[in-house]
> 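Just dropping this structure here.
The figures here come from the full heavy-atom set of this structure, side chains too, leaving out hydrogens, waters and symmetry mates. The shown structure was predicted, so the numbers you read here are calculated from the model rather than taken from an experiment.
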Amino acid sequence: MKSGRERFMDAQRVNLDGFAVPDASLGLVAMDAPADPPPSLVIAAGRVVEMDGVTEADFDSIDAYIARHGLDLDVAAETMALTDTNFARLFVDTCTPRAEVIRLAAGATPAKLARVLALLRPAELTIAMTKLRARRTPSNQAHVTNRLDDPLLLAADAATAAAFGFREVETTVPVLADAPSNAVACLIGATVAAPGVLIQCSVEEAAELELGMRGLTSYAETVSLYGTEQVFTDGDDTPWSKAFLTSAYASRGMKMRVSSGAGAEVLMAGAEAKSMLYLESRCVALARAIGAQGVQNGGIDGASVAASVPSGLRELMAENVMVMARNLESCSGNDALMSESDMRRTSRTLPIVLAGSDFVFSGFGSIQRYDNMFGPSNFNAEDIDDFLAMQRDWGVDGGLRTVAPGRLLGLRREAAQVCADVYRYLGLADFSHVDLAADAAGSKDLGETDTLAVLGAAQAIRHRGLTVVDIVTALDECGYPEYAERTLAFVRARLAGDYLQTSAIFDEQLSVLSLVTDPNDYAGPGTGYVPPPARQAEIDAIRQVRGVEDLRRSQSAAAIPGLLRPVGAASAGTSPRDVVIGVSPALGVDVWQCLSGASVADVLREVLAGLEEEGCAGRVVRFPATVDLGQIGLAAARLSGSGIAIGLQGKGTALIHRRDLAPLANLELYSVAPSVTLELYRLLGANAGRHAKGATPDPARNPYSDEAIEARYHTTVIALMELERARVVPGAAPVELSLEGLR
């Protein structure tokens, strides 16, 4: 029989996750599996004849490719002679330049690099990532997809992603034949919002390459690598076929990285009892050997597999650092929902955000979970505000920025309209739901759409051989010369080829930021990337920020002139049924609405009504000399004929005081002002009346609440108290206030 506490714990979302018993035979081990080979390297006559305990005669295809193309034999002997601990220390030693770690890592076998990274603790992995990422300036990638493949919604969402600062937009399709339309829609939408956003349409490699050659997309990352030959064979692939594909992309001017990540071999029952980190080390060494620009790893689709075993998240981050150590672009995962627990999702992502990565996400779901055709990302549209606040909290650059209030709807409408006009001009389709797409939070808001029209448009793009030049022409002919020139300038910049350097992105001036042009120069405190002042201002300026002037404006809108008119100096009461309601300096002057949303007038009416129910007479007195509620309540009680008083601050905090108590003591207290209802204020008045009559009432209680009261209201409290403090007149006498305005 479980206790109530256990039943409560069972109901929490973390229990929707799967947690596995570690099992080395299945590969369900994050690091250091018993079957992981010990590092070794034997070179004879300039040729690798043994690697990680396997002789050349027994090399599988992965071993053979890495041995022939993936190791720098000029440095290998030096690297392999280092102890694992000494090599690991170089990753975090700020006196050791990044270039030295990269030089040595080039000679490390997969087993060596896996063993070294397994030694790094979480904080050390964060330091290593800060130091080793290729590009100095962090960036981010967005997923832009929808269940209907609707072009206008895709354009609006791509524009939204670009406005938020994503420098890569990845789309995919629930219907394969829709791919050309999705690519065009995302290209148009991103161009409307910002220059230089790289576009990917993640589909079968031949189709993806064709889209790239037509200039409709600009990068790819879907060439998958695996850590065992068996799993490669299951996919009818070899390292040589992957190398050929990589060359095909690069030779046609397409930026290209490969995909791998922990858990893939486990899911395919082909892990060969090896640890996830060791198998991924083979993939990363292979990525370097075949000439890819970078690696998308950190679990990817297998992230939840790694997360199911002890130290799984540590392993995922170690994968990213491994890519950086190989001097490749790191696209750091976070693109698969690895947990239903918000805390676990955050623990997965936060270290990457703090360290910075070439791409913090290899797919932040900038659309809602249900519209993400890759499957929900670790963070999605539901989390954008949280992520922006996270950047601000830590003062770090996660690649995103807040969109100015009021800009988003106009931007989305512009993108959807431009897309509709281009499709109409090119004879692809005649879509008319521009306003609906602009306002939609997701595809559910579109209702029924013409999915056959989407398919027809996609087929026309493909069969007519439309290219980015046709899109440029259409933009110009439809009256959008700015977007036409922006698209053409992007094509010119791509043709220059600089973005084929490792870890390349375009900024919004179409300058290439890469390992070559923007190398990471972190070398300890006081060095490395710090957001420039303008960028830091973007990070800090989230849309929820409010100041005193914002509050003053909102309070002024609720003002009731003449509500509490002063009638003279307050005097001591004589009636035993006299109860003073002492109010703070700005209540009814600058403060007209409490934190609960109730108006000051309604709160006072309810308190007075509660007193009247008990046969007591209430009067309102302002105490301009202090904002301290205890002092206000005590001073009011000393003026009260009954010796009982109510103290009330503008924010809604209230108490019952008695003239013989210490200032910080009270009879009853409403401390959680945002949750206090008008009914509770009435009860407070009634209880004050009962105290005045000498009774002992059942004390009023603060209401139940599981809201983050402090986090939600503290900034407003600060502004409210500033309004109160500005009205303080030290030494000023209490002032009697008229009740006429409350009747």
> Quick check: does any side chain N or O of Asn372 sit under 3.5 Å from a backbone N or O of Phe374, one acting as donor and the other as acceptor?
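Such a contact is found between Asn372 side chain and Phe374 backbone.
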> If you measure from the Lys or Arg side-chain nitrogens to the Asp or Glu carboxylate oxygens, is any gap between Glu340 and Arg369 under 4.0 Å?
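Here Glu340 pairs with Arg369 in a salt bridge, since their nearest N and O are under 4.0 Å apart.
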> Considering residues at least two apart in sequence or located in another chain, which fulfil the ring-ring contact (aromatic ring centres under 6.0 Å, His included) criterion with Tyr226?
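Tyr226 satisfies ring-ring contact (aromatic ring centres under 6.0 Å, His included) with Phe232 once adjacent residues are dropped.
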> Should Arg103 and Glu78 count as an ion pair when the cut-off is N to O under 4.0 Å?
yes
> Quick one: side chains of residues 21-34, donor-acceptor pairs under 3.5 Å with protein atoms, not counting sequence neighbours, listed by atom name and distance.
from, atom 1, to, atom 2, distance (Å)
Asp23, OD1, Ser25, N, 3.0
Asp23, OD1, Ser25, OG, 2.5

> Who pairs with Phe359 by ring-ring contact (aromatic ring centres under 6.0 Å, His included), at least two apart in sequence or on another chain?
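Here no residue qualifies.
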> Could you work out, with side chain to side chain donor-acceptor pair (under 3.5 Å) as the rule, every residue matching Ser61, not counting sequence neighbours?
Glu229
> Looking at residues at least two apart in the chain, or sitting in another chain, which of them share a ring-ring contact (aromatic ring centres under 6.0 Å, His included) with Tyr499?
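Only Phe506 meet the ring-ring contact (aromatic ring centres under 6.0 Å, His included) criterion with Tyr499.
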> Using a strict cut-off of less than 4.0 Å between a Lys/Arg side-chain nitrogen and an Asp/Glu carboxylate oxygen, indicate whether Asp36 and Arg115 qualify as a salt bridge.
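Judged by the 4.0 Å cut-off on N to carboxylate O distance, Asp36 and Arg115 do not form a salt bridge.
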> Has the side chain of Asn86 got a donor or acceptor atom that lies under 3.5 Å from a matching backbone atom of Thr83?
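No; judged by distance alone, with no hydrogens or angles, the pair does not exist.
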> Once side chain to side chain donor-acceptor pair (under 3.5 Å) is applied, what residue pairs with a partner in residues 283-300 remain, sequence neighbours excluded?
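Pairs touching residues 283-300 that pass the test: Ser259-Gln296, Glu280-Asn297, Gln296-Ser362, Asn297-Asn320.
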> Going by side-chain contact (heavy atoms from CB on, under 4.5 Å), name the residues that satisfy it together with Ala307, two or more places apart in sequence or in a different chain.
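Ala307: side-chain contact (heavy atoms from CB on, under 4.5 Å) contacts with Leu313, Met338, Arg344.
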> Determine, stepwise, if the pair Thr172 / Ser202 fulfils side-chain hydrogen bond (donor to acceptor under 3.5 Å, both in side chains).
CA-CA 5 Å; Thr172 192; Ser202 180; 4.7 Å; no
> Who are the side-chain contact (heavy atoms from CB on, under 4.5 Å) partners of Pro351, not counting sequence neighbours?
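Testing Pro351 for side-chain contact (heavy atoms from CB on, under 4.5 Å), a comparison that skips the adjacent residues, returns Thr126, Met317.
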> For the pair Lys131 and Glu100, find out whether any cationic side-chain nitrogen is under 4.0 Å from an anionic carboxylate oxygen.
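No, this pair does not count.
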> Considering residues at least two apart in sequence or located in another chain, which fulfil the ring-ring contact (aromatic ring centres under 6.0 Å, His included) criterion with Tyr278?
none
> How about CG on Asp301, more than 12 heavy atoms from neighbouring residues, nucleotides or ligands closer than 6.0 Å, or not?
no
> Ala496: what forms a side-chain contact (heavy atoms from CB on, under 4.5 Å) with it, not counting sequence neighbours?
none
> Going by salt bridge (Lys or Arg N to Asp or Glu O under 4.0 Å), name the pairs with one or both residues in residues 48-62, residues two or more places apart or in two chains.
Arg47-Glu56, Glu56-Arg68, Asp60-Arg282
> For Asp383, which residues count as a salt bridge (charged side-chain N to carboxylate O under 4.0 Å, His left out) partner, sequence neighbours excluded?
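Testing Asp383 for salt bridge (charged side-chain N to carboxylate O under 4.0 Å, His left out), a comparison that skips the adjacent residues, returns Arg345.
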> For the residue pair Gln200 and Ser218, confirm or rule out a side-chain donor-acceptor distance under 3.5 Å.
no
> Can you measure from OG (Ser377) to CG (Asp335) and round to the nearest 0.5 angstrom?
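Answer rounded to 0.5 Å: 6.0 Å.
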> Determine, step by step, whether Asp507 and Arg167 satisfy the salt bridge (Lys or Arg N to Asp or Glu O under 4.0 Å) criterion, reporting the C-alpha distance in whole Å, the side-chain angles of both residues, the deciding distance to 0.1 Å, and the verdict.
CA-CA 8 Å; Asp507 65 16; Arg167 301 309 298 159; over 6 Å; no
> With a 6.0 Å cut-off on ring centres, are Tyr65 and Phe59 close enough?
no
> Does either side chain, that of Asp358 or that of Ser503, offer a donor lying less than 3.5 Å from an acceptor on the other one?
yes
> Can you tell me if Tyr370 has over 12 outside heavy atoms packed within less than 6.0 Å of its OH?
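Enclosed.
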